[in-house]
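Shown next, in C-alpha cells, is the structure this report addresses.
In what follows, residues are counted from 1 in the order of the sequence shown.
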Amino acid sequence: IAKEYQNEEDSLGGSHVMVCDINKKMLKVGKPKALAQGYRAELTWVLGDDEELPFDDDKFDIYTIAFGMWNVTHIDQALQEAHRVLKPGGRFLCLEVSQVNNPLISRLYDLYSFQVIPVLGEVIAGDWKSYQYLVESIRRFLSQEEFKEMIEDAGFHKVTYESLTSGIVAIHSAFKL
C-alpha cells in the first residue's frame with residue numbers, strides 16, 4: 001500500500017474533494033461542520049452553478065450530487081456539465097428524489113408529504129408555503145427511468161439506478177467512457 005494511504009492525518013486517503021454549491025450560505029454552514037469532523041486540507045470550497053461549473057474539462061474521477069438535481073432549472077445542462085468535468089472512466093453518482101413504485105406506500109407517502117411536512121414547516125420554521133412548495137416540487141421530479149434517459153442523453157454509459165425506500169429516493173450511477 002502506498003505510504004500516502006497510510007498517513008493517519010489524511011482521512012480521505014490521498015483524495016481531494018471539491019465541494020461546490022450555488023448558495024454561499026450553504027458553503028458557510030458546511031465548512032465548519034466538515035472541519036469539526038476532522039476534514040481539513042482535503043476539501044476545497046467553491047461557489048458555483050451546476051449548470052455552468054467553474055472547472056476545467058476532464059478534471060474529476062468522481063462527481064456526486066445528493067438531492068440537488070430536482071432543484072436545478074435545466075437538468076439536461078447540469079448533466080452535460082457533470083459529463084464535461086469528469087475524466088474518461090469517471091463515475092457519476094446521484095442520490096435523488098424519485099417516484100414511489102408501491103401504490104400503498106405511495107398513498108402513505110403522499111399523506112405524510114402533503115399533510116405533515118407543511119405543518120412541521122409551519123411549527124418549526126413558521127413557513128407553511130416553502131414546505132408545501134418543497135413537497136410539490138419534489139413530486140414533479142422525473143421517474144427513475146426518465147432520469148436514467150436524461151443521464152444517457154448527456155453522454156453517459158452503463159447508466160443504472162437502484163430504488164431505495166420503495167422509490168422515494170434512488171441512486172443513479174453512470175460512467176463517462
Exercise. Are Ser143 and Gln99 close enough that a side-chain donor and a side-chain acceptor fall under 3.5 Å?
Worked result: no
Problem set entry | Side chains of Glu42 and His16, donor plus acceptor under 3.5 Å | no
Please tell me whether [X] and [Y] are part of a single hydrophobic cluster in this structure, the criterion being side-chain heavy atoms less than 4.5 Å apart.
X: Leu108; Y: Tyr112; result: no
X: Phe141; Y: Leu164; result: yes
X: Leu134; Y: Ile22; result: no
X: Met69; Y: Ile168; result: yes
X: Ile117; Y: Trp70; result: yes

Between [atom1] of [X] and [atom2] of [Y], what distance do you get to the nearest 0.5 Å?
X: Leu27; Y: Cys20; atom1: CG; atom2: SG; value: 7.5 Å
X: Asn23; Y: Asn71; atom1: CG; atom2: CG; value: 10.5 Å
X: Asp50; Y: Thr73; atom1: CG; atom2: OG1; value: 10.0 Å
X: Glu96; Y: Gln144; atom1: CD; atom2: CD; value: 11.0 Å
X: Glu81; Y: Leu86; atom1: CD; atom2: CG; value: 11.0 Å
X: Ile151; Y: Lys158; atom1: CD1; atom2: NZ; value: 15.5 Å

What pair of heavy atoms forms the shortest contact from [X] to [Y], and how long is it?
X: Val46; Y: Pro54; answer: CG1-CG, 3.7 Å
X: Met150; Y: Asp76; answer: CE-N, 3.5 Å
X: Ala174; Y: Val159; answer: CB-CG2, 3.7 Å
X: Ser113; Y: Pro118; answer: O-CD, 3.1 Å

Problem set entry | Test item: Gln77 side-chain N/O and Glu51 main-chain N/O as donor-acceptor pair under 3.5 Å | yes
For this session: Please check if the side chain of His157 supplies one atom and the backbone of Phe175 the other of a donor-acceptor pair under 3.5 Å.
Result: no
Crowded around [X] [atom1]? As in, over 12 foreign heavy atoms under 6.0 Å?
X: Tyr133; atom1: OH; value: no
X: Asp57; atom1: CG; value: yes
X: Phe60; atom1: CZ; value: yes
X: Glu152; atom1: CD; value: yes
X: Ile62; atom1: CD1; value: no
X: Phe67; atom1: CZ; value: yes

Problem set entry | Glu145/Lys148 under side-chain contact (heavy atoms from CB on, under 4.5 Å): CA gap, chis, key distance, verdict | CA-CA 5 Å; Glu145 281 296 320; Lys148 177 185 178 198; 4.1 Å; yes
Is the shortest side-chain heavy-atom distance between [X] and [Y] below 4.5 Å?
X: Val19; Y: Thr44; result: no
X: Ile124; Y: Tyr131; result: no
X: Ser163; Y: Asn101; result: yes

Problem set entry | Qualifying salt bridge (Lys or Arg N to Asp or Glu O under 4.0 Å) pairs with a residue from residues 116-144, counting only residues at least two apart or across chains | Asp110-Arg139
Seminar exercise, completed: Here the salt bridge (Lys or Arg N to Asp or Glu O under 4.0 Å) pairs for residues 168-177, sequence neighbours left out, are Asp58-Lys176
Problem set entry | Derivation of the side-chain contact (heavy atoms from CB on, under 4.5 Å) call for Arg91 and Leu93 | CA-CA 6 Å; Arg91 188 170 189 184; Leu93 289 165; 3.6 Å; yes
For this session: Name the orientation class of the two ring planes belonging to His172 and Tyr161 (parallel below 30°, tilted from 30 to 60°, perpendicular beyond 60°).
Result: tilted
Exercise. Angle class for the Phe92/Phe156 ring planes (parallel below 30°, perpendicular above 60°, tilted otherwise)?
Worked result: tilted
For this session: Could you check Leu53 against Tyr63 for side-chain contact (heavy atoms from CB on, under 4.5 Å), going step by step and ending with a plain yes or no?
Result: CA-CA 12 Å; Leu53 293 169; Tyr63 177 109; 3.8 Å; yes
Exercise. Going through the checks in order, is the side-chain contact (heavy atoms from CB on, under 4.5 Å) test met by Thr64 and Cys94?
Worked result: CA-CA 6 Å; Thr64 64; Cys94 178; over 6 Å; no
